[in-house]
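Please read the structure below before turning to the comments.
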Amino acid sequence: MNQQQSPTFSQKLKYRIQYFLAVTDRPPWIIIRQALWIILSGWYLFLHYLSGALGLLVTIVFIPFAWFMVKIAIFALLPIGKEIKVKPPEEQTGWTDNPMHPYTAIANIVWLFFFGWNLCLAHLTLAMVQALTIIGLGNAIIHVRLAAFILWPFGSYIGDKAPTPFPDPLYIAYDVERVETMNG
């Protein structure tokens with residue numbers, strides 16, 4: 001009777017990683033960067049922003065600001081592959097989507113006065129500290145993006161980045177060949 005051996009742990013792990021990379025349709029370095037971000041600062045920021053949102057919910061006046069604090073918490077947990085966008089006028093549904101609405105300007109000024117400036121300063125400080133190391137340089141850029149969003153959050157939203165098109169290797173080889181024949 002022919003018995004099959006069960007796969008080892010390393011074979012199972014290799015299969016699961018290959019399956020995950022095939023299903024997610026994201027480059028592996030993006031996944032590694034996301035994991036590094038979550039380990040180094042994402043979970044900490046996420047919990048702090050969620051606790052801040054709960055604190056805002058306790059006060060009746062700042063309930064509208066709590067929703068933006070939750071959005072910032074989600075962006076702080078998973079910022080890689082996301083960017084800050086403004087909706088086109090035909091897709092704007094309310095005053096929080098329209099950056100030109102007077103209520104949005106008032107909400108941003110109140111946000112800036114009470115919460116925005118100190119959170120922005122904290123992220124810029126974290127960016128300077130993490131920029132001192134090579135590994136933390138990517139995280140420093142993310143902290144600067146978070147600081148820009150935190151300073152003036154109403155009227156913008158967090159959306160997926162458009163994938164960067166990679167140039168065709170055959171076209172690059174043809175172009176290099178053409179330049180070499182022109183120069184030589």
At what distance, to the nearest 0.5 angstrom, does [atom1] of [X] lie from [atom2] of [Y]?
X: L57; Y: F65; atom1: CG; atom2: CZ; result: 12.5 Å
X: R33; Y: I38; atom1: CZ; atom2: CD1; result: 12.0 Å
X: I106; Y: I109; atom1: CD1; atom2: CD1; result: 7.0 Å
X: L151; Y: N108; atom1: CG; atom2: CG; result: 9.0 Å
X: I72; Y: L146; atom1: CD1; atom2: CG; result: 8.0 Å

Checklist line | Non-hydrogen atoms of Q34 and L77 that approach each other most closely | finding: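 Reported closest heavy-atom pair: NE2-O, 3.6 Å.
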Check: Is the distance between the ring centroids of F68 and F149 under 6.0 Å?
Finding: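 No: the rings miss the under 6.0 Å criterion.
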Check: Does I63 offer a backbone N or O that forms a donor-acceptor pair with the side chain of W67 under 3.5 Å?
Finding: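 Side chain of W67 to backbone of I63: no pair is present.
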Next item on the list: Could you tell me whether the side chain of W152 and the main chain of W111 form a donor-acceptor pair under 3.5 Å?
Entry: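 Pair absent, no side-chain N/O of W152 close to backbone of W111.
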Using residues 128-142 as the side-chain source, report each donor-acceptor pair under 3.5 Å to any protein atom, sequence neighbours left out, with the distance given to one decimal.
unit_1	atom_1	unit_2	atom_2	d
T133	OG1	Q130	O	3.4
T133	OG1	G136	N	3.0

Margin query: Hydrophobic cluster membership, with links at side-chain heavy-atom distances under 4.5 Å among I/L/V/M/F/W/Y: are L50 and L54 in one?
Written below: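 They do not share one cluster, since no chain of ILVMFWY contacts under 4.5 Å joins L50 to L54.
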Note to self: Are F154 and V110 packed together at the side-chain level, in the sense that at least one heavy-atom pair is separated by less than 4.5 angstrom?
What the structure shows: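 No, side chains not in contact.
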Next item on the list: Tell me, with the steps shown, if F75 and I150 meet side-chain contact (heavy atoms from CB on, under 4.5 Å).
Entry: CA-CA 10 Å; F75 186 48; I150 285 171; over 6 Å; no
Just list the side-chain donor-acceptor pairs under 3.5 Å for residues 115-125, sequence neighbours left out, or say none.
unit_1	atom_1	unit_2	atom_2	d
W117	NE1	F113	O	3.1
H123	ND1	H143	ND1	2.9
H123	NE2	Y49	OH	2.6
T125	OG1	L121	O	2.8

